[in-house]
Amino acid sequence: MAVKGLGELDQSYDGSNLRIGILHARWNKEIIQALVEGAKKRLLELGVKPENIIIETVPGSFELPFGSKLFHDKYKKLGKPLDAIIPIGVLIKGSTMHFEYICDSVTHQIMKLNFELNIPIIFGVLTCLTDEQAQARAGLIEGKMHNHGEDWGAAAVEMATKFYN
Ligand SMILES: Nc1c(NC[C@H](O)[C@H](O)[C@H](O)CO)[nH]c(=O)[nH]c1=O
Ligand SMILES: CC(=O)[C@@H](O)COP(=O)(O)O
């Protein structure tokens, strides 16, 4: 049995009153698609209604933090505020320092957004050294690792409900 991962939740959570935004980058499409599906599957299992899972995209992971803020502001203005956002991106090391700079800045800015927007902004970004690491973490290599998108869906529901009642 795998040691790593979120595993079972600590209690049951009801996501039926939540509106959750998924904002995904379009880089590394095959892996992204699997992660988005994993997050969606878990949100539905935890009671989030299909019509309350709103999916939008941005070009790459660098756009995720500002995109999340615009996503949040748009739905607030529409009178349909999001209870949590799951930004999803897949960064894979290339041959320059591009990867390191984006990993660092995006991670810090996503953390800051939690406090600035006052809703959970989940860390749905894989920071991988190889294509294989990314595929494994999206559940695309049989018998290797679980789909991390599922953990992100569960984290969104837990963090959007846990301290509110
Ligand atoms: N190399 C990866 C990128 N790079 C693109 C940037 O995120 C950004 O879209 C561009 O620089 C324009 O601002 N994005 C990923 O999501 N994953 C990568 O591996
Ligand atoms: C700026 C880029 O998108 C690209 O040239 C970065 O290259 P690498 O991914 O090999 O570091």
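Every number for a ligand or one of its atoms is a count from 1 in the order of the listing.
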- Message: Taking side-chain contact (heavy atoms from CB on, under 4.5 Å) as the definition, give me every residue that meets it alongside E63, ordered by chain and number, with sequence neighbours left out.
- Response: V58, P59
- Is the shortest side-chain N to carboxylate O distance from K77 to D73 below 4.0 Å? no
- Closest approach of any protein heavy atom to atom 7 (O) of ligand 2, naming residue and atom: T96 OG1, 3.5 Å
- Task: Hey, could you give me the CD/CD distance between E142 and Q135, rounded to the nearest 0.5 Å?
- Result: 13.5 Å
- Task: Please step through side chain to side chain contact (heavy atoms under 4.5 Å, CB included) for the pair I55 and K40, ending with a clear verdict.
- Result: CA-CA 10 Å; I55 302 181; K40 251 176 78 179; 3.5 Å; yes
- Query: Would one find an N or O of W27, backbone or side chain, under 3.5 Å from an N or O of ligand 2?
  - Reply: no
- Message: Working to the nearest 0.5 angstrom, can you tell me the gap between L46 CG and Y13 OH?
- Response: 10.0 Å
- Query: Going by the atom numbers of ligand 2, which of them fall below 4.0 Å from some non-hydrogen atom of S95?
  - Reply: 8 (P), 10 (O), 11 (O)
- Message: Check this for me, if you would: do E132 and K144 make a salt bridge, where the nitrogen-to-carboxylate-oxygen distance has to be below 4.0 angstrom?
- Response: yes
- Message: I'd like the residue list for ligand 1, meaning every protein residue with a non-hydrogen atom under 4.0 Å from the ligand.
- Response: W27, N28, G60, S61, F62, E63, V90, L91, I92, H98, I102
- Query: Would the number of heavy atoms belonging to other residues, nucleotides or ligands and lying under 6.0 Å from NZ of K93 be above 12?
  - Reply: yes
- Query: Salt-bridged, K41 to E45, with N to O below 4.0 Å?
  - Reply: yes
- Any protein heavy atom lying closer than 4.0 Å to atom 10 (O) of ligand 2? yes
